[in-house]
Amino acid sequence: MKKNLIINLTIILVLLLAGFLVSHNDSRNYQRLMDRGDIHDGALIFPSKSKQSIPTVLQKMQQKQLRNFQIYFIQKKNPDLSYVYMSQHLTKVPMTNGRYFTENDFQSTIPFIILGQDLYKNAYKPQAQAYYQLHGDYYSVIGAAGMANTKKLNRHIFISASPNQHNQTQIRHYQIVVDGNILHHPQHLKQMQHILGAHYSYRSANQINNVRQTWWTRWGLTFFGLIALALIILVLCWFVQLPMLNLLKTTPLKGDLLADFQLGSWFKFFLTEAVTFLIAALLVFLRIPLISKKIMILYFVVLFAVVNLVAVCRILINNKKGLMK
């Protein structure tokens, strides 16, 4: 009894380690996401050679009443500079100073700038208001963005775009990336593609803004770490079952009585591990910061199911008498 208690406490510790592993991976992936300006995997890139200006295409999108999207015009010559426009669906990058763009900024005739925190240090600050010189003009800086270990975000320049501005920046000089809920509406995407003058679009799963983000970089090592921890838990549960299996080998029961005894033994194991996994789950979800909560829940559920499946197989295989005797 004492031995099984120690083993189950060890299982809880291993499951906590799995939670810390996923949490660490979430933190690393979040930093990579921020390095792409909060552009998610699956966003669409629209290659365009159109000479239309950014305000012109935004005006046409507004006329078509396209909603729930965010569009980034990332300069091809300098990927650390991008014009940003968001329609109702606002996301934010972490700010170290000032504020992020608001809906009013995306309707203003005047562009505003958010600088990466490394660039913000060198912004011109005659008084309380900071300014940044770009292409011979001075822009009002409303905030600084950045966080530890996000080198690209810390040196990026975000400029608010608006259909009411009058600049003549041509979209052919920019990589056009579209993100947001509009990705789930093919008809609206076709309208946007036509407005942008793009002949096709493609998913940006591998590279956005020169930051690679493949499945392996996101989950590869963590996946194998979770598999290794799962194997450790299976071994520990193997030892938890030993006293029960030894009892089954020596029992004189036969037929239905033996079947009932086997079922009862498995149910006792099921309840014990259910309590163990529940305690571990509460500690993980209440004490460890997680972004990938669905993945963690799936890991717990699948692992618990596998543990019990293995337990049932061991009961059937290790019982020399069998159910039919």
(request) Side-chain contact test, heavy atoms from C-beta onward, threshold under 4.5 Å: evaluate it for S23 versus I291 and give yes or no. (result) no
(request) Give a yes or no answer on whether the side chain of N164 reaches the backbone of Q107 with a donor-acceptor pair at less than 3.5 Å. (result) yes
(message) Can you tell me how far apart CG (L115) and CD1 (I142) are? Round to the nearest 0.5 Å.
(response) 10.0 Å
(message) Apply ring-ring contact (aromatic ring centres under 6.0 Å, His included) to residues F270 and F304 and explain how you reach the verdict.
(response) CA-CA 9 Å; F270 175 87; F304 182 71; 5.3 Å; yes
(message) Closer than 3.5 angstrom, by distance alone: can the side chain of S82 be matched with the main-chain N or O of F158 as a donor-acceptor pair?
(response) no
(message) Tell me the closest heavy-atom pair linking A161 and F106, and the distance in Å.
(response) O-CD2, 3.5 Å
(request) May I ask you to decide if T56's main-chain N or O and S53's side chain share a donor-acceptor pair within less than 3.5 Å? (result) yes
(message) Going by side chain to side chain donor-acceptor pair (under 3.5 Å), Q52 matches just one of K60, Q59, Q168. Which one?
(response) K60
(request) Any chance you could measure I12, atom CD1, to L17, atom CG, to the nearest 0.5 Å? (result) 14.0 Å
(request) Using a cut-off of 6.0 Å, state whether more than 12 heavy atoms not belonging to F285 lie near its atom CZ. (result) yes
(message) Closer than 3.5 angstrom, by distance alone: can the side chain of N25 be matched with the main-chain N or O of L21 as a donor-acceptor pair?
(response) no
(message) One thing to verify: whether D118 and K152 come together as a salt bridge, which I'm taking to mean a side-chain N less than 4.0 angstrom from a carboxylate O.
(response) no
(request) May I ask you to check whether over 12 heavy atoms, not counting those of Q133, lie within 6.0 Å of atom CD? (result) yes
(request) Find out whether L66 and I195 are in side-chain contact, i.e. whether some heavy atom of one side chain is under 4.5 Å from a heavy atom of the other. (result) yes
(message) Within the structure provided, determine whether V307 and F269 are in side-chain contact (heavy-atom separation under 4.5 Å).
(response) yes
(message) So for atom NZ, which belongs to K294, do other residues, nucleotides or ligands contribute more than 12 heavy atoms lying within a distance under 6.0 Å?
(response) no
(message) Please check this pair: side chain of D105 against backbone of T102, looking for a donor-acceptor N/O pair closer than 3.5 Å.
(response) yes
(message) Are Y174 and F46, when compared by the centres of their aromatic rings, separated by less than 6.0 Å?
(response) no
(message) What verdict does the side-chain contact (heavy atoms from CB on, under 4.5 Å) test give for V275 and I279, after you've listed the backbone C-alpha separation in whole Å, the side-chain angles of each residue and the deciding distance to 0.1 Å?
(response) CA-CA 6 Å; V275 172; I279 293 173; 3.9 Å; yes
(message) Is the shortest side-chain heavy-atom distance between Y83 and Y72 below 4.5 Å?
(response) no
(message) Is it the case that the side chains of T169 and N167 hold a donor-acceptor pair, with the cut-off being a distance below 3.5 Å and no angle test?
(response) yes
(message) Can you tell me how far apart CD (Q170) and OG (S48) are? Round to the nearest 0.5 Å.
(response) 10.5 Å
(request) Give, for atom CG of L278 and atom CG of L283, the distance between the pair rounded to the nearest 0.5 Å. (result) 9.5 Å
(request) Would you please test R67 and I182 for side-chain contact (heavy atoms from CB on, under 4.5 Å) and show each step? (result) CA-CA 7 Å; R67 296 288 184 270; I182 196 172; over 6 Å; no
(message) Quick check: do L119 and N154 have side-chain heavy atoms less than 4.5 Å from each other?
(response) no
(message) Can you confirm whether R287 is buried at CZ, in the sense that more than 12 heavy atoms of other residues, nucleotides or ligands lie under 6.0 Å from that atom?
(response) no
(request) Look at the side chain of T222 and the backbone N and O of W219, then say whether any donor-acceptor pair between them is shorter than 3.5 Å. (result) no
(request) For the pair I6 and L9, evaluate side-chain contact (heavy atoms from CB on, under 4.5 Å) and give the outcome as yes or no after the intermediate values. (result) CA-CA 5 Å; I6 294 174; L9 288 175; 5.5 Å; no
(message) Is the shortest side-chain heavy-atom distance between I11 and C237 below 4.5 Å?
(response) yes
(request) Would you give the length of the straight line joining atom OH of Y120 to atom CE of M95, rounded to the nearest 0.5 angstrom? (result) 9.0 Å
(request) Decide whether T109 and H166 meet the rule of one side-chain donor and one side-chain acceptor closer than 3.5 Å. (result) no
(request) Could you tell me whether the side chain of Q241 and the main chain of A311 form a donor-acceptor pair under 3.5 Å? (result) yes
(request) May I ask you to test the P111-Q165 pair for a side-chain heavy-atom distance under 4.5 Å? (result) yes
(message) Using 0.5 Å steps for rounding, measure from the NZ atom of K77 to the NE2 atom of H173.
(response) 7.0 Å
(message) If we ignore hydrogens and angles and just use 3.5 Å, is the side chain of T276 paired with the main-chain N or O of T272 as donor and acceptor?
(response) yes
(request) May I ask you to decide whether D80 forms a salt bridge with R155, counting only side-chain N to carboxylate O separations under 4.0 Å? (result) yes
(message) When you compare the side chain of M296 with that of L290, does any pair of heavy atoms fall below 4.5 Å?
(response) yes
(message) Quick check on the hydrophobic clustering: are L231 and V14 connected, directly or via other members, by side-chain heavy-atom contacts under 4.5 Å?
(response) yes
